[in-house]
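Below, each value reflects all heavy atoms present in this structure, side chains not excepted, and no hydrogens, waters or symmetry copies. Order of appearance sets the numbers: ligands from 1, and atoms from 1 within every ligand.
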Amino acid sequence: MAQKPLRLLACGDVEGKFDVLFNRVRAIQKKSGNFDLLLCVGNFFGSTPDAEWEEYKTGIKKAPIQTYVLGANNQETVKYFQDADGCELAENITYLGRKGIFTGSSGLQIVYLSGTESVDEPVPGYSFSPKDVSSLRTMLCSTSQFKGVDILLTSPWPKYVGNFGNSSGEVDTKKCGSALISGLATDLKPRYHFAALEKTYYERLPYRNHIVLQETTQHATRFIALASVGNPEKKKYLYAFSIVPMKLMDAAELVKQPPDVTENPYRKSGKEASMGKPIPAPEEESACQFFFDLNEKQGRKRSSTGRDSKSSPHPKQPRKPPQPPGPCWFCLASPEVEKHLVVNIGTHCYLALAKGGLSDDHVLILPIGHYQSVVELSAEVVEEVEKYKVTLRRFFKSRGKRCVLFERNYKSHHLQLQVIPVPLSRCTTDDIKDAFVTQAEQQQIELLEIPEHSDIKQIAQPGAAYFYVELDTGEKLFHRIKKNFPLQFGREVLASEAILNIPDKSDWRQCQVSKEEEEMLARRFRKDFEPFDFTLDD
Ligand SMILES: [Zn+2]
């Protein structure tokens, strides 16, 4: 779409240095042409005497560009902002107001929130409250067509903005900044978010507003913090950029992902973030937070102490499991994990329904911490994996099914032991074995038979790629992957005519159901599994 972009400038704390700022803007415009707007975040006024401001206020001097500013961040400067709904402070200089949305004639949407975070009531004149943030959110995000806004202006940084990003220098984003603003940015999905107050410049790598492969692609957000005007270290305080309002953009153009895009720094789970809860940084989570509420077990929700005194040698101090190098969908502590699919949690492992499973009761045994394969597991984790296997076999047997397990340690980061129940009436264990052997032969995949009770660790070297299937007798068929192993092999064989006879389900993407349905299936599984649940034993 051939729309002429707007040319904008954003500025950090002016601190009353109006002449320095506007002279700089004049110089830039002289060199590279006029800009449409100047947006100021942080402290516009300083604590120094007002002589300079008087000249602008009385019209002796004039801002060379239409300038929009945020309100006070401290008691001393509240006096300059008389009207909470926004007003003209001087010719060409406008106070936007405490909070709201400014839509320019071009269609550009700018959301602004003045002041610093406060949880005290009544809220001081230089602060915003959780209520302010939720009313802003309701006002903007309540329509189903809401896609995001062009620009978000806040004075404080959003807390955790450095998560998954490039270094924010000396600013510790886990400690400083506002969690309310993080929640707001999560929901508003601004294309640009500007902040100041930390006396430094930080341009974060752009981040995604969607979860890859789970949600439709959305535009990315750029967070930019600016330094103070005329700072002696010459840190960047003015940021020039061009923007076409999103409502005028072609959808495909809008959602184009920059090559250096990262995970969303605020997103724990979509639900929690949209409720504006403070989001703990992943690193701050302790082992006890794995015991989140599984809906139906409120009466016996576990605490981090006083449990598992028999099964675990150190009940009070669960050892912190390994951490993944980056975002992981299966680490239980990770924000990416789909918690509604989790059906049972042990000490070292957990059970989750498979997304797009071959059947409604297709589950995964997963380690809570980040382990890539069975080969890497420590003895205590292996022990619990075995306990889950035995329990699941008993559980499925009671329902007239036998289970087939497989693991593929190839192009995957976090160990997933797939457990697929097959009705006893459909076929025998030998039929299943034959199906794997036959289809492997057809695809020139060499399967080694491994006797019952033998250990994969003795066969697979650490780091080597492999696939194996484990039959309900404990017997395994093992393949050492050299290259180009078909990722869906295990599923394909099980879905084939010889076993489950659901060939159209061999691709998990074809089997995905709505989140509501997933929640319903998980509830049902938890209830059915409860009589077998060893984690409830005392
Ligand atoms: Zn992981």
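- Within the coordination shell of the Zn ion (ligand 1), defined by N, O or S atoms under 2.8 Å, C328 is present.
- For the residue pair P265 and F164, the shortest heavy atom distance occurs at CA-CD1, 3.9 Å.
- In this structure, the ring of H479 has its center no less than 6.0 angstrom from the ring center of F467.
- Draw a line from the Zn ion (ligand 1) to SG of C331 and another to ND1 of H414, and the angle between them is 110° (to 10°).
- Between L364 atom CG and Q418 atom CD the span is 5.0 Å, to the nearest 0.5 Å.
- Between F395 and F529, the ring planes lie perpendicular to each other; the angle is over 60°, past the 30° to 60° tilted range.
- No other N/O/S atom of H370 lies as close to the Zn ion (ligand 1) as ND1 does.
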